[in-house]
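Working notes, structure below.
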Amino acid sequence: MARQPESRVMTPKTTVRVRFSPAPTGYLHVGGARSALFNWLYARHSSGTMILRIEDTDADRSRPELITAIHDSLRWLGIDWDEEYRQSDRFDQYRDAAQSFLDKGLAYRCDCSQEASKARADARGGKPGYDGYCRDRDVQQGEGVVVRFRTPDEGVTAWDDLIRGRVEFQNSELEDFVIVRSSGVPMFHVANAYDDLDMGITHVVRGEDLVNTTPRVLLLRTALGATDQPIFAHLPLIVNEKRQKLSKRRDDVSVGDYMAKGFLSEAMRNYLLTLGWSAKDDAEILPIEEFINQFELSDINQAPAFFDIKKLEHFNSEYIRALSVEEFTERSLPFAGNIDHDLYGRLAQFVQGRIKRLDEIPSLLEWVVGQPPEPSEKDWRKVMEKDGVSEVLDLVIERLANSEWTAPALEKLVFGVGEELGTKTQLPVRLALTGVRFGLPLFEPMAELDREVVTERLRTARARL
RNA sequence: GCCCCCAUCGUUCAGUGGCCUAGGACACUGCCCUUUCACGGCAGGAACACGGGUUCGAAUCCCGUUGGGGGUACCA
């Protein structure tokens with residue numbers, strides 16, 4: 001057969017298969033979402049397969065209902081997948097694998113209690129880890145017995161990380177780790193190595209917090225009979241303001257929280273993308289297709305990135321403003337609070353350009369649908385305690401009685417008073433009416449209120465002068 | 001402690017030996033626009049952690065120091 005030209009070299013022989021493997025022990029958080037996203041981007045970029053694999057080997061910690069929540073969060077972000085597996089469905093295969101290790105002498109049973117091995121470690125002089133006490137004790141199956149993998153005493157386990165370059169571990173540093181719990185349930189290392197091999201995973205894209213487990217997984221993979229390695233890409237961590245790995249405990253980071261705070265999923269996804277990777281020409285906000293097109297794992301940075309909500313908000317406001325008024329109205333309605341839908345439909349266009357997050361909407365509308373907040377001392381002094389304000393209010397109140405009740409007419413009325421009196425009139429009217437000195441354009445919402453309500457509010461303010 | 005990783009403006013990304021008197025974005029400050037706020041426009045301050053090499057030449061390569069982080073479970 002004739003040899004193909006360059007394309008033969010350029011095209012990988014195997015199609016890309018990647019997986020996102022969350023443990024259902026909590027809601028999807030931004031770190032996990034970013035891992036999922038980078039896997040997905042690479043799968044779509046290379047026309048490969050995106051696999052969702054639920055790593056629920058720890059029955060005590062896993063909560064089945066969280067799987068649905070993870071699905072929802074991924075879907076919200078627009079991340080889809082082609083195959084899905086659940087490790088709890090595959091226990092038998094992992095158990096068989098572990099048994100084969102036992103049969104081949106690659107693993108052994110151990111009946112040391114955790115207290116006992118810790119006591120020995122302390123006696124050894126603080127060097128933690130299991131010491132291989134049971135390696136040749138021929139322990140039999142029984143209560144409290146685990147299976148440990150026999151790690152090599154010498155040599156090096158290494159891989160060429162797409163993001164970090166070559167990473168090496170001395171095998172002598174590796175302890176004989178547990179692969180089957182005393183309950184008989186295999187540990188995640190086994191499941192992970194087995195599945196990556198069995199599912200033909202070509203690229204392992206995951207957080208840097210997993211690098212230390214890579215040698216174990218690699219050793220297990222070899223024990224399973226593999227002669228190759230997947231390509232690893234260990235993503236830099238997303239950190240909080242103290243530069244620590246984001247944690248569900250101390251940081252408010254679940255994807256659902258951001259949904260509830262009024263972030264658009266496209267903005268969230270786009271922002272997450274820019275943490276550790278960037279498109280050509282300094283472009284930060286692009287259609288997802290363009291990102292997919294340009295995405296390469298090897299272009300990802302090595303340094304941890306801070307999750308900056310300010311920047312996320314900027315992205316969000318950009319995406320909000322890019323929406324058509326119709327789409328904005330529809331998508332923001334659930335955040336608008338207790339307001340007549342038709343009324344909101346008329347006012348949404350004024351809201352759209354003024355918010356960074358959808359959850360800011362109710363406060364913007366407060367004076368339209370309910371009572372305005374009490375003006376602050378400072379605002380009152382600055383706006384109302386000036387010469388001519390009482391004349392302005394008097395005149396506006398007077399003319400309101402007979403004015404046509406439309407936005408243009410009201411604008412003309414208020415500005416007309418200003419021209420006659422040689423002063424600016426919007427601010428005092430705004431403060432009297434809305435309670436604050438910033439917000440929506442004044443006249444359109446004003447025309448939505450009843451004449452009596454508007455007049456009453458202005459009178460109240462006038463009385464306070 | 002031990003193992004592993006990381007190090008460019010406050011933040012984030014760019015920069016892969018000369019194009020860098022280091023660029024973009026967010027944030028911040030000032031001005032303009034505007035009879036609110038926001039948007040928009042213009043301008044500004046702001047960084048290659050330190051010390052050694054290598055080289056004609058280093059933000060870019062090597063070594064060390066310092067600093068930060070991750071891991072060190074019968075969690076994943």
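Here is the naming used below: chain letters follow the sequence lines, and residue numbers restart at 1 for every chain.
On the P atoms, B:U29 is 25 Å away from B:A22, given to the nearest whole Å. Taking atom C1' on both B:U21 and B:C4, the two are 39 Å apart, rounded to the nearest angstrom. Remark: the separation of the P atoms in B:C20 and B:U16 is 11 Å, to the nearest Å. Comparing the C1' positions of B:U54 and B:C63 gives an interatomic distance of 11 Å, to the nearest angstrom. Look at the P atom in both B:G69 and B:G51: the space between them is 24 Å, to the nearest Å. Atom P of B:A27 sits at a distance of 30 Å from the matching atom of B:G68, rounded to the whole Å. Nucleotides B:G18 and B:U34, compared at atom P, are 48 Å apart to the nearest Å. Across B:G10 and B:G45, the matching P atoms stand 14 Å from one another, rounded to whole Å.
Backbone-only contact: A:N301 has heavy atoms under 4.0 Å from sugar-phosphate atoms and none from a base. Heavy atoms of A:T25 sit nowhere under 4.0 angstrom from any nucleic acid atom. Residue contacts shown for A:L237 are limited to sugar-phosphate atoms, with no base heavy atom under 4.0 Å away. Heavy atoms of A:V180 sit nowhere under 4.0 angstrom from any nucleic acid atom. In this structure, A:Q170 reaches neither bases nor backbone, as no heavy-atom distance under 4.0 Å exists between it and the strands shown. Residue A:R243 is in sugar-phosphate contact alone, with no base atom involved, counting any heavy-atom pair closer than 4.0 Å across all strands shown. Within the nucleic acid shown, A:F169 comes within 4.0 Å of sugar-phosphate atoms alone, with no base atom in reach, counting heavy atoms only. Among the protein residues, A:L210 comes within range of the nucleic acid bases, having at least one heavy atom under 4.0 Å from a base atom. Residue-level contact check: A:F306 touches the backbone only, with heavy atoms under 4.0 Å from sugar-phosphate atoms and none from bases. Contact annotation for A:V178: backbone-only contact, meaning every heavy-atom pair under 4.0 Å involves sugar-phosphate atoms and none involves a base. Among the atoms of the strands shown, base atoms are found under 4.0 Å from some heavy atom of A:E284. At a threshold of 4.0 angstrom between heavy atoms, the contacts of A:G276 are confined to the sugar-phosphate backbone, with no base atom among them. Looking at heavy-atom distances under 4.0 Å, A:P236 makes no contact with the nucleic acid at all.
The residues A:E385 and A:R464 are annotated as not salt-bridged, no charged nitrogen and carboxylate oxygen being separated by less than 4.0 angstrom. A salt bridge does not link A:D379 with A:K382: none of the charged nitrogens is closer than 4.0 Å to a carboxylate oxygen. At a threshold of 4.0 Å, the pair A:D196-A:R221 does not count as salt-bridged, since none of the basic side-chain nitrogens sits closer than that to a carboxylate oxygen.
Of the candidate nucleotides B:G70, B:A76, B:C6, B:C6 has the atom lying nearest to any side-chain atom of A:R164. Comparing atom distances between the A:D282 side chain and each of B:G24, B:G71, B:A76 picks out B:G24 as nearest. Which of B:C6, B:C74, B:A14 sits closest to the side chain of A:V146 comes down to B:C74. Side chain of A:A303, nearest nucleotide from B:C74, B:A7, B:A76: B:A7.
Regarding A:K118, its NZ atom lies at a distance of 16 Å from the C1' atom of B:C74, rounded to whole Å. Between the CD atom of A:E208 and the P atom of B:C6 there is a distance of 7 Å, rounded to whole Å. Look at CG on A:L312: it is 14 Å from P on B:U12, rounded to the nearest Å. Across the protein-nucleic acid pair, A:Y271 atom OH and B:A27 atom C1' stand 12 Å apart, rounded to whole Å. Atoms CZ (A:R354) and P (B:A38) sit 10 Å apart, rounded to a whole Å. One interatomic measurement links the two molecules: CG of A:D60 to P of B:A76, which rounds to 10 Å at whole-angstrom precision. Atom CD1 of A:I300 and atom C1' of B:U12 are 15 Å apart (whole Å). One interatomic measurement links the two molecules: CE of A:M187 to P of B:U72, which rounds to 11 Å at whole-angstrom precision.
Looking at A:K311, its side chain comes within 3.5 Å of the base of B:A25 through a donor and an acceptor atom. At a cut-off of 3.5 angstrom, the base of B:G70 holds at least one donor-acceptor pair with the side chain of A:N212. At a cut-off of 3.5 angstrom, counting only N and O atoms as typed in the model, there is no donor on one side facing an acceptor on the other between the side-chain of A:T274 and the base of B:C13. Between the base of B:G70 and the side chain of A:Q244 there is no donor-acceptor pair shorter than 3.5 Å.
At the phosphate of B:A76, OP1 or OP2 sits under 4.0 Å from a side-chain N or O atom of A:T57. For the pair A:R181 and B:A73, the criterion of a side-chain N or O lying under 4.0 Å from OP1 or OP2 is not met.
With a 3.5 Å ceiling on both atom-pair distances, B:A27 lacks any Watson-Crick or G-U wobble partner. Pair check for B:G40 finds B:C32; Watson-Crick or G-U wobble, both atom distances under 3.5 Å. If you check B:G67 for Watson-Crick or wobble pairing at under 3.5 angstrom, you find it paired to B:C6. Judged by Watson-Crick or G-U wobble contacts below 3.5 Å, the nucleotide B:G1 has B:U72 as its partner. Pairing for B:C48 is absent, judged as Watson-Crick or G-U wobble with the two contacts each under 3.5 Å. Judged by Watson-Crick or G-U wobble contacts below 3.5 Å, the nucleotide B:G18 has B:C56 as its partner.
Both tests pass for A:R120 against the ring of A:Y133: distance under 6.0 Å to the centre and angle within 45° of the axis. With a 6.0 Å cutoff to the six-membered ring centre and a 45° limit on the axis angle, A:R457 does not count as a cation-pi contact of A:W367.
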Stepwise ring-ring contact (aromatic ring centres under 6.0 Å, His included) check, A:F38 with A:F295:
CA-CA 9 Å; A:F38 280 13; A:F295 189 76; 5.4 Å; yes
Decide ring-ring contact (aromatic ring centres under 6.0 Å, His included) for A:F20 and A:W40; before the verdict, give the C-alpha distance in whole Å, the side-chain angles of both, and the deciding distance to 0.1 Å.
CA-CA 8 Å; A:F20 171 57; A:W40 179 81; over 10 Å; no
Full working for side chain to side chain contact (heavy atoms under 4.5 Å, CB included) between A:R148 and A:R135
CA-CA 9 Å; A:R148 289 182 183 274; A:R135 272 192 166 192; over 6 Å; no
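You can call A:F415 stacked on the base of B:U35; the centres are under 5.5 Å apart and the planes sit within 30°.
For A:R321 and A:S113, each mapped to the nucleotide of RNA chain B holding its nearest heavy atom, the one lying further toward the 5' end belongs to A:R321. Comparing A:L440 and A:R61 along RNA chain B, the residue whose closest nucleotide (by nearest heavy atom) sits nearer the 5' end is A:L440.
Taking the six-membered ring where the residue is Trp, A:F415 and A:F443 present perpendicular rings, their angle passing 60° and hence far from 30°.
The ring-ring contact (aromatic ring centres under 6.0 Å, His included) with A:Y258 is formed by just one residue from the set A:F307, A:Y271, A:F315; it is A:F307.
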